[in-house]
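Here the structure comes first, spelled out in structure tokens, and everything after it is commentary.
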Number of protein chains: 2
Amino acid sequence: MKITDRQKAVLGKIHDFIMLNSYPPTARDVAEMMGFSSPKAATDHFTSLEKKGYIKRNSLARSIKLTDKALGMLKKDYSFPSPADAGHAGISYLPLIGNIAAGNPVLAYENIDEYIPVPESFTGAYGADFALRVKGRSMTGDHILDGDMIMVKARNTAENGEIVVALINDEAVVKRFYKTKDGIELVSSNTDYPPIKISIKDAGDSVKIIGRVVAVHRNI
Amino acid sequence: MKITDRQKAVLGKIHDFIMLNSYPPTARDVAEMMGFSSPKAATDHFTSLEKKGYIKRNSLARSIKLTDKALGMLKKDYSFPSPADAGHAGISYLPLIGNIAAGNPVLAYENIDEYIPVPESFTGAYGADFALRVKGRSMTGDHILDGDMIMVKARNTAENGEIVVALINDEAVVKRFYKTKDGIELVSSNTDYPPIKISIKDAGDSVKIIGRVVAVHRNI
DNA sequence: AATATTACTATACATTTGTATAGTATATGA
DNA sequence: TCATATACTATACAAATGTATAGTAATATT
């Protein structure tokens with residue numbers, strides 16, 4: 001017997017709840033999330049999900065446990081991290097943005113490759129909203145290398161001199177932001193790459209600031 | 001107000017329970033583990049632990065959450081390196097080494113400032129054993145800056161060309177490691193800093209390789 | 001020395017919560 | 001087509017659970 005779409009949705013809600021609260025939901029929590037008016041609807045799903053090997057439980061309060069099978073499926077479908085990581089306060093999960101599909105908002109589901117656990121101490125006072133992997137060498141002067149992962153606080157404005165992520169024709173670029181007399185300038189810190197100048201009348205059309213870089217991570 | 005031994009024991013039991021069951025314990029669970037005959041004894045401890053910032057809870061069933069503070073403290077007491085996490089973990093706690101006290105082993109309790117949660121995906125295939133904050137600009141050529149946090153896999157040997165952490169007279173330095181005809185050479189990637197050459201007969205005395213740098217993290 | 005905190009026992013009560021009963025409607029598979 | 005599984009609503013009950021009351025005793029703290 002295969003898992004149904006509805007059961008999958010319930011499983012997803014259980015997972016989301018654990019991620020958010022770090023303890024499992026009750027039948028009533030799930031019923032509310034799913035819009036059921038009776039907890040029985042939720043427990044019926046639990047029974048099915050347990051029979052199919054996606055959860056384990058005993059008849060105690062909040063004792064649902066997601067199995068590896070569930071985690072595998074969720075990972076396939078939503079690329080979520082293991083809820084075993086939850087329960088650790090101070091860790092947030094940043095969506096790792098892959099290729100940015102034209103037209104979609106940056107944080108659109110379609111753009112999210114996976115979620116990565118990041119300790120909040122790694123993202124500074126204001127936190128971060130998403131992560132990106134850097135492509136190219138345009139910011140080597142600021143010690144941001146090809147392949148580095150950057151963590152970004154979502155914002156559509158920037159202060160002079162800040163390192164920002166901007167969308168230029170649906171491509172994410174990392175640059176230093178400067179205001180000029182007649183617009184803005186996005187400057188690479190590698191002099192091989194010329195600065196991009198945008199006049200006020202063009203700005204907003206092809207170029208959009210999507211956030212400020214708050215952290216850089218690199219595996220060696 | 002400092003945490004008491006008894007409160008620490010309760011915190012440990014909560015941690016153990018979560019690790020074992022993946023959902024938090026009730027007051028009665030804790031009472032049983034601790035040998036209390038009343039759940040009130042446990043909730044009294046919960047109240048103290050919450051006041052001291054080790055747990056968070058609301059008045060729902062099994063809603064205890066351990067804080068970073070608690071996890072850091074538990075790691076310290078639970079012997080090094082990371083114990084129970086092993087399961088699905090995804091996150092390990094690296095001791096952040098502060099000043100290295102003369103004579104002590106690098107990972108000695110005295111040297112550990114705090115424990116920081118780090119996703120295992122941040123530390124590569126072999127993981128890391130501790131973290132250090134970089135002082136000075138000697139490795140800017142390799143894009144490792146003053147103030148960066150580096151994650152280190154403990155090892156007392158190194159391959160040619162690897163970026164290592166070495167102890168020179170009880171001071172931790174980050175350098176590239178090279179073998180020479182008559183010993184080793186620790187090379188800065190900032191040419192302002194001259195290479196350090198150690199002949200075989202001196203090596204082992206004043207210089208000790210303590211690990212390989214596997215990751216760099218920087219807040220901007 | 002007086003006071004507050006810690007560390008419990010014992011009992012009880014009100015919520016929270018899992019689960020059961022009873023039923024409707026739709027979809028699926030043999 | 002007939003049985004089975006899915007997907008719920010509505011109500012209710014019993015167990016699980018947080019928390020309160022009322023104490024005792026030891027240990028810190030001022």
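Every heavy atom of this structure was used, including side-chain atoms; hydrogens, water molecules and symmetry mates were not. Note that the structure is a prediction, hence the values are computed from the model and not measured.
B/Arg62 has its CZ atom 16 Å from the C1' atom of D/dT19, to the nearest Å. In this structure, A/Ile3 places its CD1 atom 17 Å from P of D/dA5, rounding to the nearest Å. Summarising the geometry, the separation between CD on B/Glu50 and C1' on D/dG18 is reported as 13 Å, rounded to the nearest angstrom. Nucleotide C/dT6 holds its P atom 15 Å from the CG atom of B/Leu11, rounded to whole Å. If you measure from atom NZ of A/Lys13 to atom P of D/dC8, you get 13 Å, rounded to the nearest angstrom. We find that OH of B/Tyr23 is positioned 14 Å from C1' of D/dT17, with the value rounded to whole Å. With rounding to whole Å, B/Lys8 atom NZ is found 16 Å from C/dT6 atom C1'. The CG-P distance, from A/Asp44 to C/dA25, rounds to 17 Å in whole Å.
A sub-4.0 Å separation between OP1 or OP2 of D/dA7 and a side-chain N or O of A/Ser48 is absent. A sub-4.0 Å separation between OP1 or OP2 of C/dA10 and a side-chain N or O of B/Ser37 is present. Residue B/Lys52 places at least one side-chain N or O closer than 4.0 Å to OP1 or OP2 of C/dT6.
The existence of a salt bridge linking B/Asp142 and B/Arg176 is confirmed by a sub-4.0 Å separation between a basic side-chain nitrogen and an acidic carboxylate oxygen.
Both B/Leu60 and A/His45 lie close to DNA chain D; mapped to their nearest nucleotides by heavy-atom distance, the more 5′-ward contact belongs to A/His45. With the nearest nucleotide of DNA chain C identified for both A/Lys40 and A/Ser63, A/Ser63 has the one nearer the 5' end. Along DNA chain C, the nucleotide closest to B/Arg28 and the one closest to B/Asp5 are compared, and the more 5′ of them pairs with B/Asp5.
Of the candidate nucleotides D/dC8, C/dT6, D/dT17, D/dC8 has the atom nearest to the side chain of A/Phe36. Closest to the side chain of A/Gln7, out of D/dA7, C/dT9, C/dA12, is D/dA7. Comparing C/dC8, C/dT19, D/dT19 by their closest approach to the side chain of B/Arg57 singles out D/dT19.
Within the nucleic acid shown, B/Ser59 comes within 4.0 Å of sugar-phosphate atoms alone, with no base atom in reach, counting heavy atoms only. Among the heavy atoms of the strands lying under 4.0 Å from B/Arg6 are primed sugar atoms or P, OP1, OP2 only; no base atom is included. Looking at heavy-atom distances under 4.0 Å, A/Ala61 makes contact with sugar-phosphate atoms alone, never a base. If you check every strand for non-hydrogen atoms under 4.0 Å, B/Ser38 touches a base.
For CD of B/Glu50, the number of neighbouring non-hydrogen atoms (other residues, nucleotides, ligands) closer than 6.0 Å is greater than 12. Within a 6.0 Å sphere centred on CD of A/Glu162, heavy atoms belonging to other residues, nucleotides or ligands number more than 12.
The two residues A/Ala31 and A/Pro39 make their nearest non-hydrogen contact at CB-CA, 4.2 Å.
Take A/Ser63 and apply the side-chain contact (heavy atoms from CB on, under 4.5 Å) test, not counting sequence neighbours, and it matches A/Arg57, A/Asn58, A/Leu60, B/Tyr23. A search for salt bridge (charged side-chain N to carboxylate O under 4.0 Å, His left out) contacts involving A/Lys13 returns nothing, not counting sequence neighbours.
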